[in-house]
Amino acid sequence: MAKNDVNKLYSELINEINVLLEFLRAKFPVFHNSNFFFRDLQFGIKSFFEKRNIKLSYSESETLAKQIAEFLKKEGIFVETSSQSWKVNYPEFETSKPGDPFSY
């Protein structure tokens, strides 16, 4: 497998951060004040690029997940609850019924 330019892929994710968040929301129960876990972010990013015919190695997706998590923490969207999980602070993903991630 050819190595990907992780810095270039990171820039793509930052430029399309709202698209990535919507993709993660469709794939996982991500909503305002929900918990979100590192491996979900990692495999969500891997799947996001697979939809674009870009195959990431485990270590590439892990590196990108760490970088995106740091970015989202700085933006206040992820509030760290442990070294492997965050609380999602994104009112745009608030549900109409508390606790129901599928009621937009």
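Throughout, numbering of the chain's residues begins at 1 and tracks the sequence.
Side-chain contact between Asp40 and Leu24: absent, with no pair of heavy atoms (C-beta onward) separated by less than 4.5 Å. Residues Ile68 and Tyr10 form a side-chain contact, since some pair of their non-hydrogen atoms from C-beta on lies under 4.5 Å apart. The shortest side-chain heavy-atom distance between Tyr58 and Lys46 does not fall under the 4.5 Å cut-off. Phe49 places a side-chain heavy atom less than 4.5 Å from the side chain of Glu12. When side chains are defined from C-beta on, His32 does not count as touching Val88, because their heavy atoms never get closer than 4.5 Å.
Follow the hydrophobic side-chain contacts under 4.5 Å out from Phe38 and you reach Val6 in the same cluster. Neither Leu64 nor Phe37 shares a network with the other; the hydrophobic side chains, linked directly or stepwise wherever heavy atoms of I, L, V, M, F, W or Y lie under 4.5 Å apart, form separate groups for each. Hydrophobic cluster membership differs between Leu72 and Val79, with clusters built from Ile, Leu, Val, Met, Phe, Trp and Tyr side chains linked at under 4.5 angstrom.
A distance of 12.0 Å separates OG in Ser85 from CG in Leu41, rounded to the nearest 0.5 Å. Annotation: the span from Ile17 atom CD1 to Glu75 atom CD amounts to 8.0 Å, rounded to 0.5 Å. Atom-to-atom distance recorded for Ser61:OG and Glu50:CD is 9.0 Å, nearest 0.5 angstrom.
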Q: Step by step, work out the side-chain contact (heavy atoms from CB on, under 4.5 Å) result for Lys87 and Phe36.
A: CA-CA 6 Å; Lys87 181 180 96 173; Phe36 198 64; over 6 Å; no
Q. Run the side-chain contact (heavy atoms from CB on, under 4.5 Å) check on Phe78 and Asn89 step by step: do they pass?
A. CA-CA 6 Å; Phe78 277 3; Asn89 180 31; over 6 Å; no
Q. How far apart are the C-alpha atoms of Glu92 and Arg25, what are their side-chain angles, what is the distance that settles it, and do they pass the salt bridge (charged side-chain N to carboxylate O under 4.0 Å, His left out) test?
A. CA-CA 11 Å; Glu92 289 85 346; Arg25 182 183 189 189; over 6 Å; no
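Only one option out of Tyr90, Phe71, Phe93 pairs with Ile77 in a side chain to side chain contact (heavy atoms under 4.5 Å, CB included); it is Tyr90.
Without hydrogens or angle criteria, Asn4 side chain to Glu60 main chain gives no donor-acceptor distance under 3.5 Å. Put simply, the side chain of Ser47 never gets that close to the backbone of Gly44: no donor and acceptor are under 3.5 Å apart. With Ser34 contributing its side chain and Val30 its backbone, the two residues share no donor-acceptor pair below 3.5 Å.
Here Glu22 does not pair with Lys27 in a salt bridge; the nearest charged N to carboxylate O distance is not below 4.0 Å.
With sequence neighbours left out, the side chain to side chain donor-acceptor pair (under 3.5 Å) criterion links Lys73 to Glu70, Glu80. The ring pair (Phe, Tyr, Trp, His ring centres under 6.0 Å) test applied to Phe23 returns Phe48, not counting sequence neighbours.
For the residue pair Ile45 and Ala65, the shortest heavy atom distance occurs at CD1-CA, 3.7 Å. Nearest heavy atoms, Gln67 versus Asn7: NE2-OD1, 4.3 Å.
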